Amino acid sequence: MYLSTSRASDIAGNTPAPKGPLRAVPGTVFALGLVSLVTDVSAEMVTAVLPLYLMAGLGMSPLAFGALDGLHQGATAVLRLAGGRVADRTRRHKLVAGTGYALSAACKAALLAVATPWSVAAVLAADRTGKGLRTAPRDALISLSVPPGEQGRAFGVHRALDTAGALLGPLAAFGVLWVTVDGYEAVFTVSCCVAVLGVVLLALFVREAPTPVTAPARAARPAPPPVRALLRLPGLRGLCLTAAALGLFTVGDAFLYLLLQRRLDLSAAYFPLLPVGTAAVFLLAALPVGRLADRLGRRRVFLGGHVLLLGAALLLLAPVPAGALLIVGVLAALGLFYAATDGVLMAAAGPLLPAGLRTTGLAVLQTAQALARFAGSLLFGSAWTLWGPGAALGLAATGLLLSLVAVAVFGGTRADRPS
């Protein structure tokens with residue numbers, strides 16, 4: 001096993017590294033961050049209005065919405081593995097990622113042509129397929145661009161830029177809904193245009209990361225090993241089990257926003273602003289938390305993030321007045337949860353994987369988490385339908401607490417800082 005220690009100058013070519021707080025990351029990481037920023041503006045415009053559009057506008061039940069929310073996670077699972085294997089075999093991370101971005105952009109246009117809950121679900125599944133294709137190759141490009149000791153910082157910078165788009169997307173959706181009569185179609189139209197811009201940025205400014213492969217290996221270029229062989233790598237199997245165990249009881253933020261909207265009795269026009277608070281906290285915390293993970297240990301920070309998610313759930317269950325304390329507490333905890341888990345998990349896995357298998361290995365980990373969250377969304381939607389939202393959230397919080405205890409006791413929380 002070997003680790004990629006490519007420096008910024010080796011990866012970014014003549015692209016100058018950004019100055020200021022982003023100075024330590026190569027141009028590839030910064031360019032991918034810009035692509036993710038633009039793409040997330042597009043994606044979050046749709047996501048911000050989707051719960052109300054489906055449940056209030058098209059009459060979808062909580063159980064059906066739970067299935068759809070789970071489909072968002074599960075539809076990416078197989079394609080993550082496929083995208084990872086293709087990228088590792090061909091060494092064309094940018095091409096595979098670009099295909100995923102282009103597919104998602106096409107799905108934004110397709111939303112304009114569908115009008116029933118399950119036709120919308122089919123388009124969203126295709127959109128998630130695009131996300132599944134692009135995520136592992138994109139994260140592999142980031143991981144291969146920096147040495148092991150700076151993985152958390154690099155992913156923190158990328159996730160901060162990504163989250164800037166997540167912050168701007170709901171604001172854009174709110175603005176479109178505010179000024180238009182038939183707001184949903186206008187939101188989908190603007191979202192499609194922005195998604196196309198993201199594909200253009202990827203094509204123009206992101207460079208392929210050279211993978212350290214010997215000359216004989218280039219000639220033979222063997223296929224990546226099966227998933228079973230990858231799971232034998234030290235540490236990766238434990239990370240997959242941890243991500244799956246916690247993912248099973250990770251309540252989707254769409255459900256949390258719906259519960260918060262009910263507690264606040266918030267009008268539909270202001271609903272898209274709820275993700276803005278989460279994104280603002282994520283944006284401010286992503287880089288500091290990435291640095292903290294490099295120093296303290298990425299597993300520990302990852303578990304701490306799920307403790308914060310548990311806190312958000314308990315705050316929604318507590319008899320707290322429906323006011324500033326409730327909304328700030330829930331959105332802040334949710335934003336910190338994403339800052340401590342999203343990029344940190346990939347940063348923890350990157351140094352465990354040989355450079356030539358980086359994409360496939362990350363895809364295996366992402367798939368384990370996605371499948372668990374798919375099952376969790378189905379369980380939560382079923383519990384909401386049978387017993388109501390409060391009972392469903394209470395069961396999810398209990399399951400998350402037990403999973404955290406099990407992971408801490410049996411999985412260990414040792415620091416995983418590279419030597």
Side-chain angles (χ1 to χ4, degrees), residues 1-12 17-33 36 135-136 138-164 209 212 233-236 238-240 242-243 246 281-309 335-355 358-359 361-362 365-366 369 404 407-408 411-419:
M1 184 185 303
Y2 55 91
L3 298 173
S4 171
T5 56
S6 303
R7 305 302 302 182
S9 58
D10 298 329
I11 303 301
K19 297 181 180 180
L22 305 182
R23 65 187 179 278
V25 299
T28 295
V29 175
F30 186 68
L32 283 167
S36 291
T135 301
R138 180 204 66 198
D139 285 347
L141 279 170
I142 297 170
S143 183
L144 290 166
S145 299
V146 293
E150 298 177 12
Q151 298 276 314
R153 179 184 178 87
F155 278 99
V157 168
H158 175 269
R159 284 346 190 229
L161 291 168
D162 179 273
T163 306
L233 293 175
L236 183 61
L239 273 182
C240 288
T242 296
L246 297 176
V281 175
F282 190 178
L283 173 63
L284 294 174
L287 182 53
V289 171
R291 289 172 171 172
L292 179 67
D294 283 338
R295 294 196 300 268
L296 182 63
R298 294 154 193 157
R299 294 170 187 261
R300 290 175 175 174
V301 172
F302 183 72
L303 292 183
H306 285 82
V307 173
L308 290 166
L309 178 64
L336 289 171
F337 158 71
Y338 281 116
T341 56
D342 191 0
V344 170
L345 182 61
M346 296 300 101
L352 302 175
L353 299 163
R358 190 72 51 92
T359 316
L362 293 179
L365 177 58
Q366 292 164 358
Q369 185 180 55
L404 279 167
V407 168
T413 58
R414 71 184 188 279
D416 57 331
R417 291 166 291 178
S419 58

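Quantities reported herein were computed from a predicted structural model and do not represent experimental measurements. The first residue of the sequence shown is numbered 1, and numbering continues consecutively from there.
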- Message: Test: ring pair (Phe, Tyr, Trp, His ring centres under 6.0 Å). Region: residues 282-302. Which pairs qualify, not counting sequence neighbours?
- Response: Phe302-His306
- Shortest non-hydrogen contact from Leu308 toward Phe337: CD1-N, 4.2 Å
- Message: Once rounded to the nearest 0.5 Å, what's the spacing between atom OG1 of Thr242 and atom CG of Leu303?
- Response: 6.5 Å
- How far does OH of Tyr338 sit from CG of Leu309, to the nearest 0.5 angstrom? 8.0 Å
- Message: How close do Ala243 and Leu365 get, counting heavy atoms only, and between which atoms?
- Response: CB-CD1, 4.1 Å
- Query: With a 4.5 Å limit on heavy-atom distance, are the side chains of Arg299 and Leu239 in contact?
  - Reply: yes
- Query: Is Asp139 close to Phe155 at the side-chain level, that is, under 4.5 Å between some pair of heavy atoms?
  - Reply: yes
- Distance from Leu141 atom CG to His158 atom NE2, nearest 0.5 Å? 9.5 Å
- Taking all heavy atoms of Ile142 and all of Ala154, pick out the closest pair and write down the distance. CG2-CB, 4.1 Å
- Worked verdict on Leu362 versus Thr135 for side chain to side chain contact (heavy atoms under 4.5 Å, CB included): CA-CA 9 Å; Leu362 293 179; Thr135 301; over 6 Å; no
- Kindly determine whether Ser143 and Met346 satisfy side chain to side chain contact (heavy atoms under 4.5 Å, CB included), including the steps that lead there. CA-CA 8 Å; Ser143 183; Met346 296 300 101; over 6 Å; no
- Message: Is any side-chain heavy atom of Leu284 closer than 4.5 Å to one of Thr163?
- Response: no
- Task: Determine the minimum heavy-atom distance between Ala339 and Val289, stating which atoms define it.
- Result: O-CG1, 3.4 Å
- Expected output: side-chain Arg298 to main-chain Ala347 donor-acceptor under 3.5 Å: yes
- Task: Grab the two heavy atoms, one from Ala140 and one from Thr359, that are nearest each other, plus how far apart they are.
- Result: CB-OG1, 3.1 Å
- Query: How far does CG of Leu32 sit from CG of Asp162, to the nearest 0.5 angstrom?
  - Reply: 10.5 Å
- Message: Minimum heavy-atom separation for Pro26 and Val146, please, with both atom names.
- Response: CD-CG1, 3.6 Å
